[in-house]
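All heavy atoms count here, side chains included; hydrogens, waters and symmetry mates do not.
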Amino acid sequence: GFSCVDSNARRVWCSLLVILMWIKLFDWLRMFNKTSFYISLILTTVKDILPFFAIFPIFLFAFGSAMYILDTNTSGDEAQVLGTYGENFVFNIFMNQYLLSLGYFDSLEQYKISQQNEVCFLFFVLASFFSTVTALNMIIAIMGDTFTKVTESYEQHSRQMKIGILSDYILHIKKSK
């Protein structure tokens, strides 16, 4: 069983399983008229924004890798442009730009004291425009379109959800007879 797995790994697995348990609650909420619309809206939104999430990391890594290259030009005593969030430089690149896209601007202080501060600020302006303004407004527009689509076909979505639930459990009903 679980006794051969160390306690840290067990905690990670248990935390993932707890998330899956709560997700199963969403599955059950499809049965009720008041909540089935929202569950349908969430599922359709996730489906509609998946192609966007293939594009968004490109924005993040484009500017993050440029900042990483500027970081390689610093010596041990100089301030680094990218923050350190882990041991892996790819993770640091991603987290730096992801936090920037969320409006976390603590790295601005690092840019001021960098040897290439003008270039850092140029990349900051471009990255904040593309990842924050452009990309996140695109995701809001996609979500708005999805809301309109789901609202227009509310009855159809509700019936499809209920039929989906019935089809999930029809095998269990047949076996018990």
Does [X] share a hydrophobic cluster with [Y], counting links as ILVMFWY side-chain heavy atoms below 4.5 Å and allowing steps through other members?
X: I163; Y: M31; value: no
X: L50; Y: I39; value: no
X: L60; Y: I58; value: no
X: I55; Y: V133; value: yes

Notebook entry, point to check: So with a 6.0 Å cut-off around CZ of F52, is the heavy-atom count from everything else above 12?
Noted result: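 Check passes, neighbour count above 12.
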Notebook entry, point to check: Got more than 12 heavy atoms from elsewhere within 6.0 Å of OH, Y85?
Noted result: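 Enclosed: over 12 neighbouring heavy atoms sit under 6.0 Å from OH of Y85.
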Next item on the list: For the pair T35 (side chain) and L29 (backbone), establish whether a donor and an acceptor sit closer than 3.5 Å, ignoring hydrogens and angles.
Entry: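 Confirmed, T35 side chain pairs with L29 backbone.
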Note to self: I'd like to know if the side chain of S40 reaches the main chain of S36, judged simply by a donor and an acceptor atom lying under 3.5 Å from each other, with no hydrogens or angles considered.
What the structure shows: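 No: the side chain of S40 does not pair with the backbone of S36.
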Between [atom1] of [X] and [atom2] of [Y], what distance do you get to the nearest 0.5 Å?
X: T45; Y: K149; atom1: OG1; atom2: NZ; answer: 8.5 Å
X: F89; Y: N92; atom1: CZ; atom2: CG; answer: 9.5 Å
X: R11; Y: D6; atom1: CZ; atom2: CG; answer: 9.0 Å
X: L41; Y: T151; atom1: CG; atom2: OG1; answer: 7.0 Å
X: L70; Y: S65; atom1: CG; atom2: OG; answer: 10.0 Å
X: Q97; Y: F130; atom1: CD; atom2: CZ; answer: 13.0 Å

Less than 4.5 Å apart, side chain to side chain, heavy atoms only: is that true for [X] and [Y]?
X: N96; Y: Y68; result: no
X: M67; Y: I93; result: no
X: D48; Y: M143; result: no
X: F123; Y: V119; result: yes
X: E152; Y: T148; result: yes

Checklist line | Any residue meeting side chain to side chain contact (heavy atoms under 4.5 Å, CB included) with A62, in chain and number order, not counting sequence neighbours | finding: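 If we apply the side chain to side chain contact (heavy atoms under 4.5 Å, CB included) test to A62, skipping adjacent residues, there are no hits.
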Next item on the list: Look at the aromatic rings of F37 and F147 and report parallel, tilted or perpendicular, splitting at 30° and 60°.
Entry: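 The rings of F37 and F147 stand perpendicular, inter-plane angle above 60°.
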Check: Where does the angle between the aromatic ring planes of Y98 and F94 fall among parallel (under 30°), tilted (30 to 60°) and perpendicular (over 60°)?
Finding: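 Parallel: the ring planes of Y98 and F94 meet at under 30°.
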Check: What closest approach, in Å, do A127 and F63 show between heavy atoms, and which atom pair accounts for it?
Finding: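 Where A127 meets F63 most closely, the heavy atoms are CB-CG, 3.6 Å.
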Item checked: Passing candidate, side chain to side chain contact (heavy atoms under 4.5 Å, CB included) with I23, options L25, D27, I19 ->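 Result for side chain to side chain contact (heavy atoms under 4.5 Å, CB included) with I23: I19.
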Margin query: Enumerate the side chain to side chain donor-acceptor pair (under 3.5 Å) contacts for residues 126-138, please, sequence neighbours excluded, ordered by first and then second residue.
Written below: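 Residue pairs with at least one partner in residues 126-138: there are none.
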Next item on the list: Under the side-chain contact (heavy atoms from CB on, under 4.5 Å) rule, what do F129 and V125 come out as? Steps first, then yes or no, please.
Entry: CA-CA 6 Å; F129 177 75; V125 169; 5.5 Å; no
